[in-house]
Amino acid sequence: MTTDVYVGLGSNLENPTAQLARAVMELARLPRTTLQAQSPFYASRPVGPQDQPDFVNGAVKLSTGLSPHQLLDHLQAIEQTHGRERLRHWGPRTLDLDVLLFGSEVLNDERLTVPHAELPNRDFALQPLLDLDPELQLPDGRRIDQLRAQCPDNQLRKLPPMAGSD
């Protein structure tokens with residue numbers, strides 16, 4: 001049995017667009033997991049400390065047989081291969097991978113909160129989700145398009161596709 005999962009990607013260090021493109025390829029190779037779709041990438045101002053470069057963000061839809069915590073372990077391992085350092089809350093990073101939605105599951109423990117707790121406040125996560133599925137809803141029935149319409153503006157800018165991608 002597999003579950004549809006949405007993972008948010010973000011980077012603002014060391015060629016962020018290339019970091020995300022590489023991460024998408026790595027996500028496609030996860031065990032018991034299939035990459036279903038990839039959103040365009042977007043640039044936006046950082047959330048939190050403003051003394052850092054703008055971020056590049058996107059999202060992917062995966063179909064996985066992994067549990068939420070198994071998936072989280074794999075995402076954190078990918079972050080580590082990209083040199084992720086957790087030096088400052090909402091600080092700069094080479095790669096950030098977040099489980100945004102895991103099917104219709106609602107989880108909240110010391111390691112993982114799904115749906116992602118800040119999702120309604122993050123246009124850079126909501127817009128890529130809309131690109132992947134305009135009808136997408138949270139487990140509580142709130143529609144992603146409605147959340148996006150009410151979301152604070154973070155100066156989101158759609159980036160052109162990378163050379164060699166669709």
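No experiment lies behind these values; they were computed from the predicted model shown. Heavy atoms only: backbone and side chains are in, while hydrogens, waters and symmetry mates are out.
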Show me the donor-acceptor pairs within less than 3.5 Å that the side chains of residues 136-145 make with the rest of the protein, sequence neighbours left out.
| from | atom 1 | to | atom 2 | distance (Å) |
| --- | --- | --- | --- | --- |
| D140 | OD1 | R142 | N | 3.0 |
| D140 | OD1 | R142 | NE | 3.3 |
| D140 | OD2 | R142 | NE | 2.9 |
| D140 | OD2 | R142 | NH2 | 3.2 |
| R143 | NE | D145 | OD1 | 3.0 |
| R143 | NH1 | E135 | OE1 | 3.4 |
| R143 | NH2 | D145 | OD2 | 2.9 |

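- Here the closest non-hydrogen pair linking P120 and P152 is O-CD, 4.5 Å.
- A continuous path of ILVMFWY side-chain contacts below 4.5 Å connects L112 to L30, so both sit in one hydrophobic cluster.
- Contact between L66 and F102 at its shortest, heavy atoms only, is O-CZ, 3.2 Å.
- Looking only at side-chain heavy atoms (C-beta outward), N15 and T17 come within less than 4.5 Å of each other.
- Hydrophobic clustering (ILVMFWY, side-chain heavy atoms < 4.5 Å, transitive): V99 and L20 are in one cluster.
- With hydrogens and angles left out, the side-chain atoms of H74 and E26 include no donor and acceptor closer than 3.5 Å.
- Panel note: side chain T81, backbone E79; no donor-acceptor pair is recorded below 3.5 Å.
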(request) Starting from the C-alpha separation in whole Å, work towards a yes-or-no answer on side chain to side chain contact (heavy atoms under 4.5 Å, CB included) for Q76 and Q80. (result) CA-CA 6 Å; Q76 290 177 340; Q80 291 307 306; 5.6 Å; no

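- No donor-acceptor distance shorter than 3.5 angstrom exists from the side chain of T34 to the backbone of Q36, with no hydrogens or angles considered.
- With hydrogens and angles disregarded, no donor-acceptor distance shorter than 3.5 Å links the side chain of N154 to the backbone of S44.
- T94 pairs by the side-chain hydrogen bond (donor to acceptor under 3.5 Å, both in side chains) definition with nothing, not counting sequence neighbours.
- Residues V47 and F124 are in side-chain contact: their nearest non-hydrogen atoms beyond the backbone lie under 4.5 Å apart.
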(message) Checking L75 against V7 for the side chain to side chain contact (heavy atoms under 4.5 Å, CB included) test, could you report, in this order, the C-alpha distance in whole Å, the side-chain angles of both residues, the deciding distance, and whether it holds?
(response) CA-CA 9 Å; L75 298 184; V7 175; 4.1 Å; yes

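- In the model, D73 has no side-chain atom that pairs as donor or acceptor with a side-chain atom of Q70 under 3.5 Å.
- Donor-acceptor pairing under 3.5 Å is recorded for the side chains of S63 and T2.
- To the nearest 0.5 Å, atom CZ of residue R93 and atom CZ of residue F55 are 4.5 Å apart.
- For the atom pair R111 CZ and H69 NE2, the distance stands at 5.5 Å (nearest 0.5 Å).
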(message) For L100 and L129: C-alpha separation, side-chain torsions, deciding distance, then whether side chain to side chain contact (heavy atoms under 4.5 Å, CB included) applies.
(response) CA-CA 9 Å; L100 301 176; L129 289 177; 4.0 Å; yes

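- Summarising the geometry, atom CG belonging to L27 is positioned 5.5 Å from atom CG belonging to L97; distances are rounded to the nearest 0.5 Å.
- Scanning all heavy atoms of the two residues, the minimum distance from T33 to P31 falls at OG1-O, 2.8 Å.
- Neither L132 nor V5 shares a network with the other; the hydrophobic side chains, linked directly or stepwise wherever heavy atoms of I, L, V, M, F, W or Y lie under 4.5 Å apart, form separate groups for each.
- Residues D131 and Y42 have side chains that bring a donor and an acceptor to within less than 3.5 angstrom of each other.
- To the nearest 0.5 Å, atoms CG (L147) and CZ (R122) are separated by 13.0 Å.
- Within the model, atoms CD of Q19 and CD1 of I78 stand 12.0 Å from one another, a figure rounded to the nearest 0.5 Å.
- In this structure, L72 is a member of the same hydrophobic cluster as L107, with clusters built from ILVMFWY side-chain heavy atoms closer than 4.5 Å.
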(request) Evaluate the side chain to side chain contact (heavy atoms under 4.5 Å, CB included) criterion for residues L62 and V60: first the C-alpha distance (whole Å), next the side-chain angles of each, then the deciding distance (0.1 Å), finally the verdict. (result) CA-CA 6 Å; L62 305 174; V60 295; 4.1 Å; yes

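- Between L9 and D96, the closest side-chain pair of non-hydrogen atoms is not below 4.5 Å.
- Annotation: the span from T113 atom OG1 to H116 atom NE2 amounts to 8.0 Å, rounded to 0.5 Å.
- D123 places no side-chain N or O within donor-acceptor distance of the main-chain N or O of D153, the cut-off being under 3.5 Å.
- The stretch residues 52-70 participates, sequence neighbours left out, in these salt bridge (charged side-chain N to carboxylate O under 4.0 Å, His left out) pairs: D4-K61, D54-R157.
- Among all heavy-atom pairs drawn from P53 and P46, the shortest one is O-CG, 3.9 Å.
- Tracing side-chain contacts under 4.5 Å through hydrophobic residues (I, L, V, M, F, W, Y), one reaches L71 starting from L95; they form part of the same cluster.
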